[in-house]
Amino acid sequence: MSNEPAATPTPSDFIRDIVAQHVADGKYAGIVTRFPPEPNGYLHIGHAKSICLNFGIAREFGGVCHLRMDDTNPTKEEVEYVDSITDDVRWLISGWADHVLRYKRVGDTTAQRVEPGEGTEPFYASDYFQQLHDYAVALIKAGKAYVCDLTPAQTDEYRGSPDKPGRPSPFRERSIEENIALFARMKAGEFPDGARTLRARIDMTSPNVWLRDPLLYRIRHAAHHHAGDAWCIYPLYDYAHCLSDSIEGISHSVCTLEFDVHRALYDWILENLPVPQPRPHQYEFARLNLTYTVMSKRKLMQLVKEGLVSGWDDPRMFTIRGLRRRGVTPEALRAFAIGVGVTKFNSLTEVAVLEHAIREDLNQRALRRLGVLRPLKVVITNLPAPVTCQATNNPSDETAGTRDVAFTRELWIEREDFMEDAPPKFFRLKPGGEVRLKYAFIIKCDEVVKDAAGEVVELRCTADLDSKSGGPNAGRKVKGTIHWVSAEHAIDAEVRLYDRLFTEADPEEDGRDFKTVINPHSLEVVTAKVEPSLADAKPAERYQFERLAYFALDKDSQPGRLVFNRTITLKDAWAKEAKKV
RNA sequence: UGCCAGAUGGUGUAACGGUAGCACAAACGACUCUGACUCGUUUUGUCUAGGUUCGAAUCCUAGUCUGGCAGCCA
């Protein structure tokens, strides 16, 4: 069953407008986009926006989209990240854009695109190292690149600053022959890390610092996770990215706003090399920011490394893996990522928007179940024998059917569904009051049993045996309905109740350290009493414990030991009402 | 006080010289065997100042504010 909203409007934004115009003009033979993560960390919800944009454009304009590892820095990248990124991307687009995803054959370095399958893998920028190298030689031969011997510190100093022009490197005027020879020796491994670089010869006085003879290659005697030991010089982002786009035949290279100033360099490189035409162009949009979270890989890494969360897939993390583990579906994440829109405005989106998308999705698909998080015993004093009740599996899906639940003399109800001194608007159980037990009977609280400390430990109630749900006299109305489970039949489950990781909407407001505003209550673990049908809970299934929240089975679950993650609570009007008092 | 980008309700986003709309949030109400869902109603907006025009969120000028840019990271 596809849970994509039936009437999802086709998104429209300034980038799609440009693509549409190019399609109308027939500028490119086909639309080819790409999602180019660096495999140095896990994907987060910000990447989800980019994935949905790039794959969305491809599917809407009859194009294709490459997954490409932007792996030009061997010291930071690992196969572990390649694998997780690939898995997350395929999960996110599943059932939506699988058909536009393109890979290449394992071992192929010519960017021949194929559909994913046996013997294929994502594209890698590192597959193009030889071509990139050859292009660099061409640049040198054209007098447009040179080998520079400045140290890193000197390079910085010569570059100047945004408001002060730089000055030329003393090595800027080396002869072409000398540059060719030196670059060859760099490649041959004759120099130590950092000793020399290859730089483009552009303009040391440009107001755009990225045009002040930017570095193209640096020396790194390090093995590469994909290219192996073949190289000891590695290209930098600006040089590798535009050419990788060109090599793969990308038409629209979409990235985030901070690359705006790099566009001039992107264009310079492609205009000064004999690349196929029409060449790709870069377009920038604003990255996603969400309230009550931090978004950069660096900060997420910090949370993981310092043990503030259990890992990259901690359900409190807004990594794609964390969201997955929490129980968010790809449909919900997509609906959100597409819904926030694409602009150049630096925005801060409220998490409420994400939460809404998750609830909307889960409300449609979740199986309803009865579960009590914080149990309080109820004894039905007048129940002659156990009774079987029929419960609806999913009110928004008739085909989900019903199931039987046992109603017995001893039950568990939610502790917070009883109040001894209840305000007038409290519609649940109170001494002498009546409430309906969902799918079962109306009960009346006759007696409150307390322990020596004065804490309520048991309620003794009588059921209106005539009021059974579905029965002839079920029509009698009481104001409240609460959930329950049979004490005899209920099974235990560990339930992890997650809340937002930060107490402040903007954890880094005024430059404060986000670690000072971590929510100490972002995880609470309880042992819940849940109905026995949940013993068969499946990882792919989603559940709503009625009146409480949506849950998904955690990977820590084992046969006989259930673990559920709370994906998101139901909206709770009573919580708001209770706060007013 | 260098260069680039941006500014529409609380938040996000439409309107492409012609009625400022949608979503989330908020408030109120209806319904309810989930205080959920659903439905209805309501509040709140074009950064400022000039100009062009019959008419400006949109075009022009000036200003204000915000973000980005000085890794041998991407």
Side-chain angles (χ1 to χ4, degrees), chain A residues 9 12-13 17 36-38 40 70-73 75-77 148 150-152 155-157 159-166 193-199 206-212 215-220 234 236-238 240-241 255-264 284 286 291 297-298 339-357 359-360 363-364 368 370 392 395-396 425-428 435-440 442 467 469-470 474-483 505 544-549 569-578:
Chain A
S12 165
D13 53 68
D17 288 347
E38 183 189 16
N40 68 345
D70 207 358
D71 56 348
T72 55
N73 187 350
T75 61
K76 289 190 173 175
E77 296 150 8
C148 180
L150 252 25
T151 65
T155 307
D156 282 351
E157 193 218 317
R159 184 162 33 229
S161 59
D163 52 348
K164 267 175 275 167
D193 287 2
R196 289 181 221 261
T197 57
L198 183 74
R199 304 177 67 173
S206 170
N208 182 341
V209 293
W210 291 101
L211 256 21
R212 321 241 262 228
L215 274 57
L216 268 23
Y217 271 90
R218 79 288 225 187
I219 300 171
R220 283 269 182 288
Y234 290 94
L236 279 111
Y237 167 83
D238 288 293
H241 201 91
C255 63
T256 44
L257 246 29
E258 66 269 26
F259 291 100
D260 186 305
V261 280
H262 296 244
R263 189 176 61 242
E284 310 87 18
T291 56
K297 273 194 240 180
R298 203 196 95 247
V340 293
V342 177
T343 66
K344 299 186 86 136
F345 178 65
N346 226 299
S347 61
L348 179 60
T349 299
E350 294 178 343
V351 261
V353 182
L354 205 216
E355 294 172 344
H356 172 77
R359 287 195 182 101
E360 192 167 61
N363 180 46
Q364 291 303 311
R368 310 297 132 118
L370 297 176
T392 304
S396 30
K425 284 186 177 170
F426 184 79
F427 303 146
R428 286 110 96 145
V435 75
R436 173 170 291 278
L437 295 180
K438 179 129 187 168
Y439 305 125
I442 293 172
S467 66
S469 299
R476 203 177 129 229
K477 302 286 181 200
V478 287
K479 192 65 189 168
T481 300
I482 64 173
H483 58 279
Q544 182 199 103
F545 293 3
E546 295 214 40
R547 300 208 313 128
L548 296 172
T569 62
L570 255 34
K571 284 214 279 187
D572 188 352
W574 166 246
K576 277 183 200 168
E577 183 65 34

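What you see is a predicted model, and the numbers here were worked out from it, not measured in a lab. By convention in this document, chain letters (A, B, ...) are assigned in the order of the sequence lines, proteins followed by strands, and residues within each chain are numbered from 1. Keep in mind that the numbers below use all heavy atoms, side chains included, and drop hydrogens, waters and symmetry copies.
Atom OH of A:Y439 is separated from atom OG1 of A:T481 by 10.5 Å, given to the nearest 0.5 angstrom. Note: A:K477 NZ to A:I442 CD1 = 9.0 Å, rounded to the nearest 0.5 Å.
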Are there any protein N/O atoms within less than 3.5 Å of an N/O atom in nucleotides 13-17 of chain B, and if so, which ones and at what distance?
{"unit_1": "B:U13", "atom_1": "OP1", "unit_2": "A:T343", "atom_2": "OG1", "d": "2.8"}
{"unit_1": "B:C16", "atom_1": "N4", "unit_2": "A:D17", "atom_2": "OD2", "d": "3.3"}

Below 3.5 Å between N/O atoms, which protein atoms pair up with nucleotides 41-44 of chain B? Just atom names and distances, please.
none

What N/O pairs connect the protein and nucleotides 68-70 of chain B at under 3.5 Å? Give each pair on its own line.
{"unit_1": "B:C69", "atom_1": "O2'", "unit_2": "A:W210", "atom_2": "NE1", "d": "2.8"}
{"unit_1": "B:A70", "atom_1": "O2'", "unit_2": "A:R159", "atom_2": "NE", "d": "3.3"}

Please write out each protein N/O paired with an N/O of nucleotides 20-22 of chain B under 3.5 Å, distance rounded to 0.1 Å.
none

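Nearest-nucleotide assignment on RNA chain B puts the 5′-proximal partner with A:K164, out of A:K164 and A:T349. For the pair A:N40 and A:L437, nearest-nucleotide mapping onto RNA chain B gives the more 5' position to A:L437.
Pair assignment for B:C24 gives B:G10, based on Watson-Crick or G-U wobble hydrogen-bonding distances that are each under 3.5 Å. Partner assigned to B:G35 is none, using Watson-Crick or G-U wobble distances below 3.5 angstrom. Within the shown strands, B:A49 is the pairing partner of B:U61 under the Watson-Crick or G-U definition, both distances less than 3.5 Å. Under the Watson-Crick and G-U wobble criteria, each requiring two contacts below 3.5 Å, nucleotide B:C16 is left unpaired. Under the Watson-Crick or G-U wobble criterion, with both distances below 3.5 Å, B:U44 has no partner in any strand shown. Under the Watson-Crick or G-U wobble criterion, with both distances below 3.5 Å, B:C72 has no partner in any strand shown. B:U66 and B:A5 make up a base pair, with Watson-Crick or G-U wobble contacts both under 3.5 Å.
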Which is it for A:L570 and A:R359 under the side-chain contact (heavy atoms from CB on, under 4.5 Å) test, yes or no, and what are the steps along the way? CA-CA 7 Å; A:L570 255 34; A:R359 287 195 182 101; 5.6 Å; no
Hey, mind stepping through A:T155 and A:L215 against side-chain contact (heavy atoms from CB on, under 4.5 Å) and telling me if it holds? CA-CA 10 Å; A:T155 307; A:L215 274 57; 4.0 Å; yes
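Within the 4.0 angstrom heavy-atom criterion, only backbone atoms of the sugar-phosphate kind lie near A:T72; the bases stay farther away. Contact annotation for A:G470: base contact, defined as any heavy-atom pair under 4.0 Å involving a base atom. Using a 4.0 Å heavy-atom cutoff across all strands shown, A:L236 reaches sugar-phosphate atoms only and no base atom. Across all strands shown, A:L370 has no heavy atoms under 4.0 Å from either base or sugar-phosphate atoms.
For the pair A:L437 and A:I482, the minimum side-chain heavy-atom distance is below 4.5 Å. Side-chain contact between A:Y237 and A:E38 is absent, with no heavy atoms from C-beta onward closer than 4.5 Å. Side-chain contact between A:T151 and A:E157 is absent, with no heavy atoms from C-beta onward closer than 4.5 Å.
Atom pair A:L348:CG and B:U11:C1' shows a separation of 8 Å (rounding to whole Å applied). Counting to the nearest Å, the P atom of B:C24 and the CD atom of A:E350 are 12 Å from each other. B:A74 atom C1' lies 7 Å from atom OH of A:Y237, rounded to whole Å. Going from atom OH of A:Y234 over to atom C1' of B:G71 covers 18 Å, rounded to whole Å. One atom, NE2 of A:H241, and another, C1' of B:C73, lie 14 Å apart when rounded to the nearest Å. In this structure, A:D70 places its CG atom 7 Å from C1' of B:A74, rounding to the nearest Å. In this structure, A:D260 places its CG atom 18 Å from P of B:G2, rounding to the nearest Å.
In textbook terms, a nucleotide whose glycosidic angle is within 90° of 0 is syn, and B:G71 is one such case.
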Base-contact (B) and sugar-phosphate-only (S) positions in nucleotides 34-40 of chain B, heavy-atom cut-off under 4.0 Å, - elsewhere: BBSS---
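Residue A:K576 places at least one side-chain N or O under 4.0 Å from the OP1 or OP2 atom of B:A26. A:R298 has no side-chain polar atom (N or O) that falls below the 4.0 Å cut-off from OP1 or OP2 of B:C73.
For A:E577 (side chain) and A:A573 (main-chain N/O), no donor-acceptor pair under 3.5 Å exists by modelled atom type. A donor-acceptor contact shorter than 3.5 Å links the side chain of A:N208 to the backbone of A:V261. A donor-acceptor pair is defined here as one N or O able to donate and one able to accept, closer than 3.5 Å; no such pair exists between the side chain of A:T256 and the backbone of A:E258.
Rounded to a whole angstrom, the distance from the P atom of B:C4 to that of B:G63 is 14 Å. When the C1' atom is compared between B:G51 and B:G17, the two are found 15 Å apart, to the nearest whole Å. Rounded to whole Å, the C1' atom of B:G6 lies 16 Å from the corresponding atom of B:U58.
A:E284 and A:R263 are joined by a salt bridge, as a carboxylate oxygen and a charged side-chain nitrogen come within less than 4.0 angstrom of each other.
Under the side-chain contact (heavy atoms from CB on, under 4.5 Å) criterion, A:V209 pairs with A:R212, sequence neighbours left out.
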